[in-house]
Amino acid sequence: MKRREFIILSGVGATSASLLSACGHPEEKLIPAFIPDEEFVPGIDYWKASTCGMCPAGCGIIVRTREHKANKIEGNPFHPVNRGALCARGQAGLEVLYNPDRIKGPMKRVGERGDGKWEEISWDEGIKMLADKLREVDPTAYNDQALFVTTDSRGVTAHVGHRLMEACRKGAYVVWPLFNEVGAETSYSTGYRSATVFDLANSTYLISFGARFLETWHSPVMYSQAYGEFRGSSGKTRGRFIHVEPRMSMTAANADEWLAPTPGTEYLVALGLAQVIVRENLYKSPASAAFGNELGEYAPENTAAITDIPTEKFIRLAREFAKAERPLAIGALPANAMPAVTLLNTLVDNLNKKGGVLLPSRHNEYYGPLKMLAPRDSFMELSHTKFAEARKMHAWRVMMIHRFNPVFATPAIREEILTIPFIASFSTFMDETTELADLVLPDHSDLERWDLKSSYPTSGGMVVSVTQPVIELQCNTRQTADVLLALARDLGGEAAAALPYESAEEIVKKGAADFAAHWGQPDAETAWSELAERGFAAAVEEFRANTYATKDQLNTTLLSGLQLKAALEEDPDYPLTALIYEQLWQGDGSFANLPALQELPDPMTSAMWGAWVEINPQTAQSLGLKDGDLVDVQTRTGAVRLPALLYPGIRPNVVAIPFGQGHLAYGRYANQRGANPASLFPPSQSGPHLESTSRARVVKAAGRGELTRFGTELQEQMEKRR
Amino acid sequence: MLELEWIASKHAGRVRSQDARAPKYTMADKRPSDSKINSDLLAPVNHPGWGWYATVVVSGLVVLAAVGALGYQFTLGLGVWGINRPVFWALDITNFVFWIGISHAGTLISAILRVTGAEWRRPVTRCAEAITVFALMIGAMFPIIHLGRPWFFYWLVPYPNERGLWPNFRSPLAWDFFAINTYLLGSIIYLYLPLIPDLALLRDKSRGALRRIYGVFSLGWRGTQLQWDRLERAVRVMAVVIIPVAVSVHTIVSWDFAMTIRPMWHSTMFGPYFVAGAIFSGIAALILAMAIIRRVFHLEEYLRPIHFNNLGLLLLTMSLIWFYFTFGEYLTSWYGNEPEEMAVFNSKISGPYAPLFWGTVVCCFAIPAPMLAIKRFRTIKGTMIASALVVIGMWFERFLIIVPTLTHPRFTFNWGSYKPTWVELTLTAGTFGYFVLLYAIFTRLFPIIAVWEYKEGLPLGEHGEPTIVGTPDVEYESA
Amino acid sequence: MKRLTKSVVVVCAVVVIIGIVLLRASGKPEAPRQPIEFDHWQHVTKEEGPQLECTFCHENVDKSSHATIPNIITCMGCHESILTESGEVQKLAAFAERKEQPPWRRVYWHEPEANVFYTHKPHIRAGLECITCHGKVGEMHRVRREVDQTMGWCIDCHRTRSVSIDCYVCHR
Amino acid sequence: MTEERKSNKPRWAMVIDLDRCTGCEACVVACRVENNIPTVGPEEAAKGRSINWIRIERYFEGEFPDLKVKFMPVLCQHCEEAPCEPVCPVYATYHTDEGLNAQVYNRCVGTRYCANNCPYTVRFFNFFDPKWDAPLDKALNPEVSVRTRGVMEKCTFCIQRIRKGEEKAKDEGREVRDGDVVPACVQTCTTKAMYFGNIADPESEVSRLSKSNRASRLLEDLGTKPKVIYLNKGD
């Protein structure tokens with residue numbers, strides 16, 4: 001008997017039973033649901049505005065609530081970022097709120113670390129415990145430190161956490177992003193400084209170097225909307241879209257032309273295009289002529305062999321791009337390769353022009369008096385390598401971890417984390433890192449907490465979006481910022497002085513009102529009530545057309561770091577290249593516990609409920625592999641066992657694994673599903689800059705893998721016959 | 001005269017067990033005595049033997065297993081079957097079509113033989129009619145148990161209700177409901193009518209409660225001339241009426257498929273194709289049943305090689321017709337070369353279903369047709385082997401009509417596959433067990449060869465009437 | 001024999017009747033005992049009473065799909081000062097004290113399996129009287145189910161008023 | 001659509017612009033959440049029993065490196081001549097006077113005949129009772145039935161939203177117009193590739209788009225007259 005069947009038989013499937021059973025007429029007792037109270041009249045929907053927390057993009061949402069339950073999330077139709085739309089992740093937000101595997105309240109460890117034995121404690125007890133640990137940090141010792149690790153670089157947590165750590169003498173506020181693409185505000189994500197956006201909608205010719213703007217890059221919903229307009233709306237010609245990426249992502253699948261260069265050589269494609277534009281004098285910005293000599297070595301004739309893109313294609317695309325009415329290049333390449341993309345935009349001179357790169361000039365004014373929304377400049381950015389180095393220097397005594405799961409992102413870090421004497425986790429779920437914690441102080445879900453988020457819509461300016469509770473608390477959780485405030489009060493002295501707030505709510509209300517006041521609504525109270533109802537406020541700026549005047553402004557040194565070679569060395573024992581990518585919904589693996597997303601067929605492979613290895617059918621044939629065969633992907637660092645998925649949209653001799661599955665904790669939906677490819681790469685590579693690539697080999701293992709697809713499984717049947 | 005005979009048989013005295021093992025004689029001999037016939041033909045009723053009990057126990061256990069599986073399915077839902085999206089029908093409907101097909105053995109064959117006055121039919125009819133009723137009962141179960149919510153099956157009945165809801169008479173499934181019920185009712189009547197004189201015989205030969213029960217069901221049969229006249233007329237009318245009903249039933253079953261727009265279902269010839277297939281599998285089932293009855297109840301003198309020979313010839317005819325239809329069906333698909341049709345076609349001819357498909361062709365045509373065409377092989381054993389192959393082959397033929405079409409929806413993205421679960425397999429086994437069980441019980445309660453009808457066909461012996469109608473048997477005995 | 005037939009018929013009839021009664025009884029109680037003996041008559045019909053409109057308490061009937069049962073706060077709005085010595089009002093006050101709603105029992109409802117999405121609002125808009133579907137509740141002391149709200153009953157009314165009897169109007 | 005307007009009732013239709021559809025599947029999740037579609041879990045999904053009222057069909061054309069992909073969102077097409085309707089023996093699926101292909105769950109006995117006769121394979125069967133691990137059931141939409149085992153289900157064009165939209169129009173004493181009814185998938189569409197409205201109203205967006213020279217319908221040659229209109233890729 002299957003597990004599921006047993007469950008049904010034994011009647012543990014209690015929900016369905018209570019929903020559907022007729023015995024004893026449960027309906028008769030439901031009467032409390034028909035009594036109105038101050039908040040809800042039964043049978044009437046109440047929509048509450050907030051901000052999506054499923055990625056940093058900051059889409060506005062409205063949540064439909066009824067009878068004290070939230071039952072649908074929709075995009076806020078007035079929000080300038082997403083204009084009513086919402087992506088698959090955002091739609092699944094309620095499954096975070098109502099997830100059966102949420103941590104119900106504060107706990108402390110009673111067994112050995114990782115034993116999973118916990119004792120429920122009160123909030124006061126938990127905060128006291130953490131405060132005592134922080135007090136133990138020796139302010140005089142150079143290498144004694146407390147650490148606050150998070151993925152938030154802005155917002156209430158960052159504001160409070162940062163101040164507390166500063167006040168905590170040796171405290172360090174650490175931001176540790178895994179995938180840099182989504183909404184990260186730092187330069188390497190776009191090649192430009194923060195607040196830069198791209199006017200896709202009005203562009204007529206778009207080249208994307210690995211920027212999966214329809215799935216995961218930057219602000220997917222905003223750029224999807226722009227893409228819709230780019231493809232044609234009344235009165236606009238249909239834009240042409242070229243995508244450069246070794247694996248056909250969903251974004252690539254939408255391109256008019258897909259170029260699949262050798263992994264890691266995307267920047268050479270960009271430079272090759274630039275070289276053609278310069279040598280054929282197709283550039284528009286006057287300063288561009290100066291690049292003539294420097295680009296010589298990147299001529300497509302030189303690089304075609306490395307990139308595996310024919311020269312003629314370079315020349316044709318370069319001409320098309322340069323001659324297009326409003327060309328635009330975007331990219332998601334390693335920071336040191338991004339200048340190649342920036343260069344293309346420079347050559348066609350599209351800065352602050354319709355359909356080009358929009359670089360707001362007044363962006364420093366946006367934040368108004370509210371500095372909490374500004375990206376913090378004094379945080380430490382961490383990757384595994386840096387962590388290991390820093391670990392040698394500092395004897396971290398206390399590690400506080402918030403919205404981040406390093407043990408999953410970089411499994412090798414586990415041992416090092418275990419050496420830290422005291423770990424407090426603020427996780428909402430029991431993830432791999434929280435399992436090692438000594439104290440768990442669970443945070444609210446995004447629909448229960450207070451926060452402010454800033455984002456930059458293509459319409460210009462900045463939008464501040466409010467995250468506010470849309471429904472009463474589901475568990476005995478507390479917002480981390482509130483916990484930190486309580487902590488500061490408990491610590492007293494400097495810490496208490498640095499954080500003179502009652503609650504996160506107060507900070508948010510004050511910050512939001514300040515912002516609104518700065519941008520046109522002087523009455524703080526009206527400002528706040530408007531904001532709470534609409535969910536956002538905007539600072540508006542018209543983009544001023546701008547042009548690069550001289551070569552110096554182009555920062556020509558950008559090219560110096562680039563080398564004319566493939567990204568990976570040949571390795572005779574490991575003839576293939578393995579890469580991991582951020583899949584449509586899986587993010588950094590933190591959505592693996594949402595059943596609606598687990599059962600969402602991957603748009604390209606149609607696979608669900610698991611992980612897989614994408615292999616080109618040609619390569620598979622040469623390795624004697626069939627679809628669904630279990631294979632070991634091995635690198636010099638590690639190996640994973642996953643089912644092979646024959647995928648025509650990947651370069652031969654490259655294998656790709658989606659990141660996000662393979663949890664060893666994290667609740668019933670995520671645990672023990674697929675494998676975590678992070679172990680394939682040296683820990684240094686799981687840093688923030690690049691989706692990792694490595695030399696690899698694929699060995700057939702015994703047995704068939706569990707590869708579940710929604711669409712048909714057979715390769716030959718995937719093709720459209722009709 | 002018949003009445004006289006009847007009275008004679010009534011006074012023939014009690015049957016003794018040793019009579020069952022009476023010395024052999026051929027039909028060419030003079031007419032066997034009434035008591036001999038009675039004791040031979042009533043032997044299974046009176047002295048079933050250990051084999052009968054064993055059969056009942058074994059088939060009963062299989063049925064119990066199937067009932068258990070059914071209970072499991074009703075408790076949890078149809079998910080315990082292997083069906084999925086897009087294969088929403090599989091073994092359930094295979095069994096349905098198969099058993100409805102088997103049911104054509106009886107009534108249709110016996111009716112045709114009666115109407116055409118084929119004298120050799122006499123020992124065959126009862127056997128055949130019983131198959132019809134039981135196979136139909138089993139087949140008709142499936143449209144109910146295959147429902148997602150079987151407890152609402154009565155919504156197919158057009159009963160007046162306050163909600164003003166009626167069945168959808170446009171649906172072939174609603175037609176099925178009426179056709180099958182009509183056929184079942186007709187078949188029961190058609191089985192029952194010729195049973196009345198034999199019930200009277202049993203009534204007279206039994207005592208106590210049994211006598212009363214047989215008495216009720218024999219409807220006060222006294223064997224008067226009037227009664228005989230009426231019976232004969234009723235049987236004759238029923239024989240004529242039941243033929244179109246039988247044809248319509250399987251036509252409508254085929255229309256369940258043909259009325260859809262699915263590739264390789266939507267075919268105008270599905271009606272005759274299914275009817276032919278049904279008669280084909282029905283005859284095979286009849287031959288198998290007869291051979292087994294003949295053996296276990298020692299009815300060698302009654303079920304003679306001539307019957308197997310004749311039925312074998314019928315089976316050969318049907319095999320040829322079946323092959324003709326199949327060939328025509330597939331050839332037109334192939335020539336049409338429509339992509340959706342070809343997807344299904346290829347999956348059967350050379351794809352994953354090819355072993356089953358070619359196996360079916362071998363079982364239904366390649367082996368039985370030549371075998372039955374050669375007189376030397378048209379023996380009891382030969383026809384039995386051919387029939388067994390045909391029954392198996394026709395089951396798979398039904399499966400192959402249903403499943404490959406469903407695994408290949410028009411949009412290739414939705415193509416699927418199907419694997420049965422133990423529940424479906426147990427249910428399938430259960431249908432066979434149930435059939436055997438019902439049949440065994442029937443033989444215990446009623447003579448499986450119509451006593452009066454057999455006697456009616458015999459020479460009158462002392463009265464000096466001409467004897468056997470039809471071909472003399474000797475020829476076949478020696479062959 | 002005749003007697004036998006007769007007795008068989010009688011026994012069958014009795015069994016059927018008992019069965020129907022039992023089935024009905026095991027289903028929805030016709031006049032369930034409420035946690036507080038709320039008397040509709042006193043509030044609505046009684047001459048010296050307040051003679052409230054139905055919508056005074058069931059205020060959302062023209063706004064929502066549900067007519068809604070009044071919150072205890074509504075009750076206490078009057079009973080804070082009126083009839084405070086009555087035993088039932090004291091029960092009410094005790095509930096209010098505990099900030100609880102009395103566990104009222106439903107008189108009219110349909111099973112969730114019926115998949116019915118009835119909404120009051122359009123029926124009120126069409127000018128239907130409350131008593132048409134709920135009986136003369138205002139004249140009852142304890143509410144008793146007076147109308148058998150079966151599907152046939154719904155359809156009858158829809159037919160006579162030539163409202164759509166499309167399944168999708170109510171079931172979805 | 002050539003058939004005459006029999007009443008002043010709206011006829012609901014959808015337009016999907018394939019040039020804009022990116023295959024992001026936001027609609028798939030939105031539909032699941034709005035319509036109480038259960039997740040069946042990995043074991044059941046492996047058996048092909050996952051339910052998605054709307055799905056993105058993906059077709060590859062050609063081979064690496066000249067590979068092309070087509071995404072096609074497929075949902076119930078609400079055919080005017082729906083093949084699923086005549087075969088249902090109990091009228092559980094039928095055509096409403098608003099041109100919707102209705103599925104009445106509590107009339108369905110589960111013959112699955114309709115699913116077999118649907119050329120678009122958009123009908124789904126509840127093989128088991130649905131199950132939501134508490135408290136996930138709190139997110140169920142109270143405006144939509146929770147289907148039991150043994151019944152078919154499929155896209156309803158968000159009938160609950162249609163009813164709400166019509167209600168709103170009635171409240172305001174006017175005919176329904178564009179924007180009154182927005183199904184969950186259309187609402188969330190990230191590229192605004194989907195449109196929904198009353199095709200009987202010549203002024204509506206769907207009417208206008210359905211006359212586009214890019215407009216086509218799925219399996220038009222079957223004569224099912226679908227009410228989902230696809231705008232083919234430009235270029």
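Just so we're on the same page: letters track the sequence lines, and every chain starts at 1.
Top candidate by heavy-atom pairs under 4.5 Å with chain B, chosen from T111(D), V90(D), V87(D), is T111(D). With chain B as partner, the option from C108(D), P89(D), G150(D), G110(D) having the largest number of non-hydrogen pairs under 4.5 angstrom is P89(D). Chosen from Y113(D), Y91(D), F125(D), the residue pairing most often with chain B at heavy-atom distances under 4.5 Å is Y113(D). Between chain D and the residues G77(B), A174(B), G82(B), the largest count of heavy-atom pairs under 4.5 Å involves G77(B). Considering only heavy-atom pairs separated by less than 4.5 Å from chain D, the leading option among F153(B), F74(B), F257(B) is F74(B). Counting heavy-atom pairs closer than 4.5 Å to chain D, the top-ranked of the candidates P263(B), P172(B), P409(B) is P172(B). Residue with the most contacts toward chain B among P83(D), C88(D), C118(D): C88(D) (heavy-atom pairs, distance under 4.5 Å).
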For this session: Could you walk me through whether V80(B) and F127(D) pass the side-chain contact (heavy atoms from CB on, under 4.5 Å) test, one step at a time?
Result: CA-CA 8 Å; V80(B) 300; F127(D) 289 91; over 6 Å; no
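Going from atom CD of E340(B) over to atom CG of L222(D) covers 7.5 Å, rounded to the nearest 0.5 Å. Atom-to-atom distance recorded for E81(D):CD and I261(B):CD1 is 11.0 Å, nearest 0.5 angstrom.
Side-chain contact between N116(D) and W265(B) is present, with heavy atoms from C-beta onward closer than 4.5 Å. F413(B) is listed as a side-chain neighbour of R55(D), based on a closest heavy-atom distance under 4.5 Å.
Crowding of H95(D) atom NE2: a count of heavy atoms from other residues, nucleotides or ligands under 6.0 Å exceeding 12. Applying the 6.0 Å contact sphere to CZ of F345(B) captures more than 12 heavy atoms from other residues, nucleotides or ligands.
Pairing each heavy atom of L147(B) with each of V109(D), the nearest pair is CB-O, 3.5 Å. Residues P86(B) and T121(D) come closest through the heavy atom pair CB-CG2, 3.9 Å. Of all non-hydrogen atoms in L78(B) and R112(D), the two that sit nearest each other are CD1-NH1, 3.0 Å. Taking all atoms of both residues into account, the shortest heavy-atom contact from L76(B) to R149(D) is O-CD, 3.3 Å.
For P119(D), the parts lying under 4.5 angstrom from a heavy atom of chain B are both the backbone and the side chain. Using a 4.5 Å cut-off between heavy atoms, D92(B) contacts chain D through its side chain alone, with no backbone atom that close. Using a 4.5 Å cut-off between heavy atoms, Y120(D) contacts chain B through both its backbone and its side chain. Contacts of L406(B) with chain D are made by side-chain atoms alone, with heavy-atom separations under 4.5 Å and no backbone atom involved. For I83(B), the parts lying under 4.5 angstrom from a heavy atom of chain D are both the backbone and the side chain.
Note on residues 146-162 of chain B: pairs passing side-chain hydrogen bond (donor to acceptor under 3.5 Å, both in side chains), not counting sequence neighbours, are E162(B)-T150(C).
Residues passing the side chain to side chain donor-acceptor pair (under 3.5 Å) test with Y273(B) are T326(B), E397(B), sequence neighbours excluded.
R85(B) places no side-chain N or O within 3.5 Å of a backbone atom of A115(D) that could act as its donor or acceptor partner.
F411(B) and Y59(D) have tilted rings, their planes meeting at an angle from 30° to 60° on a 0 to 90° scale.
In summary, the side chains of N414(B) and E57(D) do present a donor paired with an acceptor at a separation below 3.5 Å, with no hydrogens or angles considered.
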